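The structure appears below as structure tokens.
Worth saying up front: this structure is predicted, and the values here are computed from it rather than measured. All heavy atoms count here, side chains included; hydrogens, waters and symmetry mates do not.
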Amino acid sequence: MKTELIRMTFDRARADVFCFDNDTEVREYHAMIHVTDPMLPFGQQLEAVLSAYHDLLDRLTGAHAVFKRYFLSDAANQADAVVLADVTDCAKSIIQQAPLDGTKVGLWAYMMTGVTTAVTKGGLYEVSHGAFRHLWNGSACNLAANSEYQMRLLFNEYVMQLMEEGCTLKDNAIRTWLFVNDVDLNYGGVVRARNQVFFTQGLTRDTHFIASTGIGGRQQDPNVLSQMDNYAIAGIQPEQVHYLYAPSHLNRTSDYGVSFERGTYVDYRDRRHVFISGTASINNKGQVMHEGDVVKQTHRMWENVETLLAEADCTYDDVAMMIVYLRDTADYAVVHALYKERFADKAFIIVHAPVCRPGWLVEMECMAVKTNSNDSLPAF
């Protein structure tokens, strides 16, 4: 089994690529692609990212795109160009969360070998291998009257898409990302809509919720107040899915009126996938820790994530990618220095995205993967 970070340089771009290879036909890669010259106009920066991505695919023999997320500095003026330039047949998320290294565009690309891809009738992107169909979707949005109505409609549409694939929100949905335009103003509506839909779908504190990140993010159209990306697995069995709580460090989200899991891991015969939700500097009473101090908040956030990973029998060594969200762009230099010191061997990106509580200055999410050995389960 091999996990490693591969650093690649290209013309005007670089990529940090995590590779998971357990000697099966499905290798996994997470690439964070960064522009190296922030002085370039957007068109040339996008061209540099796309060129690096295609060169990367050429080097990763047999790899297929599973999911992509573009981080933009100005979606109103940039999103159309991304849509036109990237026609890859995979789920694509496009969101205004400016890379804080001074560039205009960054890309997270998740890739696998040994899989087949298709688009379902309901518009989800299907990645198939063995007994499972992995269903991805990106940039779902609508123009209902407010953030609550928009999010309720998004979830209702997602429930219908899953039904077309013989799935349910409760049994098959693994991960969501909820992007909220002006999160301080509109997050409450998103929370109410999610709570209502989950209740109708049998998702409660006594059953389970879904791992999620709810964070500031803007679409191209300013009237879009809520955007959703999501991931579900058709064919998954209940005994394969486990939820992470870390009660020594974190409380249940339902304690303060929201409904998501701190983390989820999915077991297969040959590997374990871990999805850590957006995590901030919080204690097990639901209180913000170290208000006003981004350094102390970063350390507490790391401790919280580490505790969640440990519950999945993982460490930071197993982490494949990280996304770091900052409320205040002025905190970038200090947070970047902290990450470069501790996680120099990780693929990460730091973007501008206010967290759902003003007191939280920094939040992170991550995905991890490790070899598993459980002959009672189907292989990935």
Pairing of [X] and [Y] as salt bridge, 4.0 angstrom limit:
X    : Y    : answer
K104 : D74  : no
R327 : D184 : yes
D255 : K285 : no
D318 : K370 : no
D267 : R272 : yes
E165 : R133 : yes

Can you hop from [X] to [Y] via hydrophobic side chains spaced under 4.5 Å?
X    : Y    : answer
L154 : I215 : yes
M111 : Y268 : no
F179 : L107 : no
V288 : V295 : yes
V258 : Y245 : yes

Can you tell me how far the [atom1] atom of [X] sits from the [atom2] atom of [Y], to the nearest 0.5 Å?
X    : Y    : atom1 : atom2 : value
Q240 : S376 : CD    : OG    : 9.0 Å
I174 : I210 : CD1   : CD1   : 8.5 Å
Q161 : L135 : CD    : CG    : 9.5 Å
L308 : C366 : CG    : SG    : 8.5 Å
Q297 : N304 : CD    : CG    : 11.0 Å
I233 : H273 : CD1   : NE2   : 8.5 Å

Checklist entry - Taking F198 as the fixed residue, which of Q196, Q201, R194 is the one that meets the side chain to side chain contact (heavy atoms under 4.5 Å, CB included) rule? => result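 Single pass found, and it is R194.
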Report yes or no: do [X] and [Y] form a side-chain donor-acceptor pair below 3.5 Å?
X    : Y    : answer
N195 : S259 : yes
Q78  : S73  : yes
H249 : E303 : yes
D80  : Q220 : yes
N22  : T24  : yes
Y231 : H134 : yes
E291 : W360 : no
T213 : E365 : yes
N372 : N374 : no
R300 : S281 : no
H129 : E25  : yes
H242 : E311 : no

Does the [X] side chain pair with the main chain of [Y], one donor and one acceptor, at a distance under 3.5 Å?
X    : Y    : value
T88  : C90  : no
T176 : N230 : no
K92  : Y70  : no
N137 : Y125 : no
S212 : W177 : no
E363 : V355 : no
R252 : R205 : yes
D182 : N186 : no
N223 : L143 : no
T36  : R12  : yes

For [X] and [Y], take the angle between the two ring planes, folded into 0 to 90°, and tell me which bin it lands in: parallel under 30, tilted 30 to 60, perpendicular over 60.
X    : Y    : result
F343 : Y339 : tilted
W136 : Y110 : perpendicular
F67  : W108 : perpendicular

When you compare the side chain of [Y] with that of [X], does any pair of heavy atoms fall below 4.5 Å?
X    : Y    : value
Y325 : V351 : yes
R27  : M112 : no
L124 : E126 : no
V369 : E28  : yes
I350 : D101 : no
D16  : H34  : yes
V83  : I94  : yes
M364 : V305 : yes

Checklist entry - If every non-hydrogen atom of A13 is compared with every non-hydrogen atom of A48, which pair is closest and at what distance? => result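 The pair with the smallest heavy-atom distance is CB-O, 3.7 Å.
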Checklist entry - Which heavy-atom pair separates C314 from V274 by the least distance, and what is that distance? => result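 Minimum heavy-atom separation between C314 and V274: SG-CG2, 3.8 Å.
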Are more than 12 heavy atoms, taken from residues, nucleotides or ligands other than [X], located less than 6.0 Å from that residue's [atom1] atom?
X    : atom1 : value
E4   : CD    : yes
Y256 : OH    : yes
Y243 : OH    : yes

Next on the checklist: Quick one, N142 with Y149, criterion side chain to side chain donor-acceptor pair (under 3.5 Å). Give me CA distance, side-chain angles, the key distance, then yes/no.
Outcome noted: CA-CA 9 Å; N142 60 68; Y149 292 170; over 6 Å; no
Item to check | Check: Y29 ring centroid to F20 ring centroid under 6.0 Å | outcome: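 Not under 6.0 Å, so no.
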Next on the checklist: Tell me if the centroids of the rings in F132 and F380 come within less than 6.0 Å of each other.
Outcome noted: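 Between F380 and F132, which both carry aromatic rings, the centre distance is not below 6.0 Å.
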